[in-house]
Every structure is written in structure tokens, then in C-alpha cells.
Amino acid sequence: MLTAPFDDRDGTIWFDGKLIPWRDANLHVLSHGLHYASAVFEGERVYAGNIYKLNEHTERLLNSGKILGFDIPYTVEEINAACEAVCKDNDIVDGYVRPLAWRGSEMMGVSAQQSKIHVAIAAWAWPSYFSPEARMKGIRLKTGPWRRPAPDTAPVMAKAAGLYMICTMSKHAVEKDGWDDALFLDWKGRVAEATGANIFLVFGDGKLHTPVPDCFLDGITRQTVIALAKKRDIDVIVRDIMPDELSNATEVFVTGTAAEITPVGQIDDNHFIVGEISKTLMEDYDKEVGKSPANAATAA
Ligand code: PMP
């Protein structure tokens, strides 16, 4: 379902230090960020007017810039205040915030040492990443055609625009055949993550297993879910997981700021239930983030 295009909406966007009309938040086509993917971004959720773990997201944004070799010209406090100002000015109570930083147009070519770093922040209402029906049944994943790259071939710890090229390609490839999302294996053939979310699996031992985040984002939601599981005395095992183990998993879910905790009903030919551990952690997550009851995962 298509919503209003993202360049043609009412509201304001924070752009290089000030709030400007939404439709005026434009950049030149000869921007380094567009041609050479020198851009980093964040995705944050607003629950009942509060941006969940805002500080962690802002710190990751600045760190992603550093990994790509640029300093974002604002402090953590300034970016935090800007995110909050955007939400306030656009009346976002339950929604999503997207800060973005990119190299500008001063230099065109691979080298761009003197390019200016720009920052924009937009926010919009965004209830659920996957459809509520798909979420409660469990989404369907198919192993995609691309693999998460080795840590010495890409800046895998940055939330960098360039790393999403293969996410879109993998997701499009499987959506064509009716699947909800792609499962990424990594360069070693291990189970890695989905195209915008980390993955957890429950096996017969009743423990939660999740891959070692050594070539993909150690998601903020992933870390929250590990802490919530520990509070429930559910053991969390971080280890290499191979795809032939998927047939032994009973429950699977993915985690991310946008995806929250979304159960997975199927990966390729393997089927899973939306079981007790998934449901418990979904409820705990809703409480943790301060989700209003009408928007709770289990209310969908
Ligand atoms: N992996 C990828 C590729 C992602 O895009 C995201 C979403 N940022 C995640 C994992 C989960 O990260 P987080 O929980 O910090 O949103």
C-alpha cells in the first residue's frame, strides 16, 4: 500500500540546524552522499511522545560517521534536542524518527576530504513495520541471494547507507515470490540477520540463541531483548548458527527499532510456532518501551 510520497508532505524537517518546511528539505543531485554512499542514518521510535533510547541512537549516528571518516558537526546533546524538536513541531506521539548525515557537493569524486557534512532529521507517524496480521502469525522469511560481507570488506559496524544496497536487493528478490523478508547468511555461511532486523531462535533446550554480531549491527533492540530475557531467567546463547540448524528451532523472531519483536513463522521450508518465549518477550518489550495499550503487539 502506498502512502503519500515522502517528498510531498506537510510538516517540518530539521535541516542543518533549523526547522524548515518539509517540501523544502532538498539537496543537490551532485551530492557525494548520493553518488558514493557517504551517508549514515538512524531509525528511532517514538512511544507516547518519548523517543526510546534516543541517546544510544544519537551516539551510534556519530560513531557511524566516524567509521566512515567524518565528524558530524553537532554534539550528541544538540542532535538529541533536534530529534525532540522535530517530534514536537510535527505532533508525533507514536512514530518514527530518521536522522541522516551525508557528505555534500563541494567535491565530486571518490576523494571528498573537504566536503561539508550535512544533517537532516525527519519524523512521521508509523505504526507497524510488518502488517499486524503477518506479525501475529509470524512473518515468512526466505534465504536471500546476498550475504552479509566480511568485516574487512565493508564498514559493517556503521549504520551506513551503502550497506543497505544488498538489503533492498535481497528483500525485493524474495518479495517477488510473496515472502515478507529475506534472511541473510554471512560471508562464512552462518545465519546472520534479516534485511533490517536481528534474529533470535529458540531450540528444544528452551534457551534463546542469537548469532555473534561480528559482521552486522549489534542492534539496540537486540541488546534490549537480551537484557529482558535475562530478567526472565531465560538463558541467552550468542554463538555461530548454521542454516541446517533452522529445522531444529521451535520459535524464531526478529528484533529491530522498526520491527520491534516480530515472530517468524517460516524460513524456507522450516516452520515455527509463535510460542511462549516470543509472546512473553513481546509483552515485556511493549512495557519496556512504554507502548500505549492500543498499539501493543498482542492487541493487533
Ligand atoms: N540490522 C539491520 C540491517 C538494521 O537495519 C537494523 C535496524 N537498525 C537492525 C539490525 C536492528 O538495529 P536496532 O535494533 O538498533 O534498530
Side-chain angles (χ1 to χ4, degrees), residues 37 39-47 51-65 67-68 79 83 95-101 121-123 126 128-130 139 141 143-144 146-151 153-174 180-187 190-201 208 210-229 236 238 241 252-262 264 281-282 284-286 288-289 291 297:
V40 295
F41 65 101
E42 268 308 316
E44 302 158 4
R45 274 269 190 168
V46 191
Y47 294 104
I51 306 173
Y52 181 66
K53 294 204 171 168
L54 171 59
N55 211 57
E56 282 92 327
H57 282 282
T58 303
E59 280 176 356
R60 186 168 68 183
L61 179 75
L62 267 58
N63 190 46
S64 294
I67 293 173
L68 264 67
I79 302 267
C83 290
Y96 186 80
V97 187
R98 169 56 58 86
L100 169 75
I121 305 169
W126 195 18
S128 184
Y129 187 58
F130 295 105
I139 57 166
L141 304 188
T143 303
W146 295 91
R147 288 187 175 202
R148 277 282 166 234
T153 59
V156 294
M157 293 305 153
K159 192 164 167 64
L163 290 166
Y164 285 85
M165 176 177 67
I166 53 173
C167 295
T168 301
M169 292 171 78
S170 290
K171 187 150 177 159
H172 282 187
V174 303
D180 296 306
D181 199 2
L183 174 74
F184 265 113
L185 303 184
D186 72 6
W187 60 294
R190 301 171 296 181
V191 170
E193 59 170 353
T195 63
N198 295 119
I199 191 163
F200 286 83
L201 305 96
L208 207 47
T210 191
V212 185
D214 57 7
C215 63
F216 53 84
L217 281 184
D218 177 5
I220 291 169
T221 319
R222 177 184 181 280
Q223 295 169 43
T224 304
V225 167
I226 289 175
L228 290 174
V236 181
V238 181
I241 299 170
V252 178
F253 57 81
V254 294
T255 65
T257 299
E260 304 174 305
I261 297 179
T262 296
V264 174
L281 290 172
M282 286 168 85
D284 289 355
Y285 188 78
D286 285 354
E288 159 70 19
V289 298
K291 196 185 271 195

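When a ligand or atom number is given, it counts from 1 through the structure's own listing order. We use all heavy atoms of the structure for the numbers below, so side chains are in, but hydrogens, waters and symmetry mates are not.
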* Using only heavy-atom distances, determine whether the side chains of E44 and H57 contain a donor-acceptor pair under 3.5 Å. => no

* Structure fact -> Sorted by chain and number, sequence neighbours left out, ring-ring contact (aromatic ring centres under 6.0 Å, His included) with F200 holds for F253

* Structure fact -> Applying ring-ring contact (aromatic ring centres under 6.0 Å, His included) to Y285 and not counting sequence neighbours gives none

* To do: State whether K291 and E260 are salt-bridged, where the test is any N-O pair (Lys NZ or Arg NE/NH1/NH2 against Asp/Glu carboxylate O) under 4.0 Å.
  => yes

* Asked: By side-chain hydrogen bond (donor to acceptor under 3.5 Å, both in side chains), which residues pair with E59, not counting sequence neighbours?
  -> N55

* Structure fact -> Tightest non-hydrogen contact, residues R222 and V238, listed as NH2-CG1, 3.6 Å

Pairs under 3.5 Å, N/O atoms on ligand 1 and on the protein: can you put them in a table with the distances?
unit_1   : atom_1 : unit_2 : atom_2 : d
ligand 1 : 1 (N)  : E193   : OE1    : 2.6
ligand 1 : 5 (O)  : K159   : NZ     : 3.3
ligand 1 : 5 (O)  : Y164   : OH     : 2.4
ligand 1 : 8 (N)  : K159   : NZ     : 2.8
ligand 1 : 14 (O) : I220   : N      : 3.3
ligand 1 : 14 (O) : T221   : N      : 2.9
ligand 1 : 14 (O) : T221   : OG1    : 2.6
ligand 1 : 15 (O) : R60    : NH1    : 2.8
ligand 1 : 15 (O) : R60    : NH2    : 3.0
ligand 1 : 15 (O) : I220   : N      : 2.7
ligand 1 : 16 (O) : T257   : N      : 2.9
ligand 1 : 16 (O) : T257   : OG1    : 2.6

